[in-house]
Amino acid sequence: MKTYKIGYFVGSLSSTSINRVLSRALIRLAPQDLEFTEIPIGNLALYSPDFDNDYPPEAMELKDAISASDGVLFVTPEYNRSIPGALKNAIDWASRPWGQNSFDHMPAAVIGASPGPIGTAVGQQSLRAVLSFCNARQMTAPEAYVHYKPGVFTDQGEVTDDSTASFLRDFMQEFRIHTERVLTVIPRS
Ligand code: FNR
């Protein structure tokens, strides 16, 4: 069976992140042929073009981890109706140096959870615009705006509500199909 390596970003640095819990749930519910590796973002300095001739090890590890992935998944909160700074910083690192954009043609999907009813919808629009410029091949449907309610997720990522579990399972199944489709047309070199 062909397996796909999925690198995933958690857009929150919070030790109590609900988006990290959501990432655990997604991994539990995903098809068996997806293998997940977290791509850390909390150890990166703030990006500057001054680093372009000599990327630090953490930034090289970030780019290598993306290159080693067949697809990338963003599980992120919305901060002030936009992308959390730590995640945007990681994307900026990965997109450079000029001509070495790690996201070029990369299968990608975006999902996020918020205690508010909009469920990161506005933040995801910001993220999608950035990923579009980075030439990532985004899954456009289904969209997934998770209104995080107490009791629906355990800390370990078990989902206690059947309809939520079914929705998230479908999302990951569609991401698997999307990844396979993109890689069929644009194989990763
Ligand atoms: C937030 N939060 C928030 N929620 C939302 O629905 N829309 C928003 O624009 C914002 N903005 C925002 C900015 C900042 C700086 C913080 C710290 C928080 C609330 C946010 O959704 C909530 O704290 C989540 O728990 C964040 O996700 P994690 O870190 O728990 O994964």
Side-chain angles (χ1 to χ4, degrees), residues 6-30 34-48 58-59 61-62 65-66 69 71-95 103 106-134 136 138-172 174-175:
I6 304 300
Y8 69 96
F9 296 87
V10 176
S12 171
L13 304 183
S14 167
S15 60
T16 58
S17 169
I18 59 175
N19 283 279
R20 179 165 297 287
V21 172
L22 176 60
S23 74
R24 292 185 191 126
L26 293 167
I27 291 168
R28 279 176 177 269
L29 295 166
L34 299 186
E35 290 174 8
F36 292 88
T37 305
E38 182 172 358
I39 302 178
I41 62 171
N43 55 351
L44 295 161
L46 290 178
Y47 171 77
S48 162
E58 306 80 41
E61 283 164 21
L62 172 82
I66 297 168
S69 304
V72 289
L73 175 66
F74 293 84
V75 188
T76 183
E78 169 182 288
Y79 273 9
N80 300 316
R81 296 283 184 258
S82 188
I83 308 166
L87 180 59
K88 179 60 165 53
N89 182 52
I91 293 171
D92 291 343
W93 274 110
S95 69
F103 295 113
M106 176 64 76
V110 174
I111 187 170
S114 165
I118 297 174
T120 74
V122 184
Q124 287 190 36
Q125 289 305 309
S126 297
L127 178 54
R128 284 183 178 281
V130 170
L131 293 175
S132 179
F133 181 75
C134 291
Q138 296 180 65
M139 181 168 81
T140 49
E143 298 168 298
Y145 310 123
V146 179
H147 181 190
Y148 197 93
K149 295 180 190 140
V152 172
F153 297 85
T154 69
D155 283 353
Q156 290 70 38
E158 288 159 318
V159 183
T160 59
D161 173 63
D162 286 347
S163 71
T164 303
S166 171
F167 174 77
L168 297 177
R169 192 179 292 109
D170 286 351
F171 179 86
M172 294 308 286
E174 289 295 330
F175 182 42

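Counting starts at 1 for both ligands and their atoms, in listed order. Counting begins at 1 with the first residue of the sequence. Atoms considered below: every heavy atom in the structure, side chains included; atoms not considered: hydrogens, waters and symmetry mates.
- A donor-acceptor distance shorter than 3.5 angstrom exists from the side chain of Asn89 to the backbone of Ala45, with no hydrogens or angles considered.
- In this structure, CD1 on Ile18 lies 6.0 Å from OG on Ser114, to the nearest 0.5 angstrom.
- Inter-residue side-chain proximity for Thr164 and Val146 is flagged as unmet; no heavy-atom pair is nearer than 4.5 Å.
- Checking side-chain atoms of Thr37 against main-chain N and O of Ala65 turns up no donor-acceptor pair under 3.5 Å.
- When side chains are defined from C-beta on, Tyr8 counts as touching Ile27, because their heavy atoms get closer than 4.5 Å.
- Between the side chains of Asn80 and Ser82, no donor-acceptor pair is found at a separation under 3.5 Å.
- Within 4.0 Å of ligand 1, protein heavy atoms belong to Ser12, Ser14, Ser17, Ile18, Asn19, Pro77, Glu78, Tyr79, Asn80, Arg81, Ser114, Pro115, listed by chain and number.
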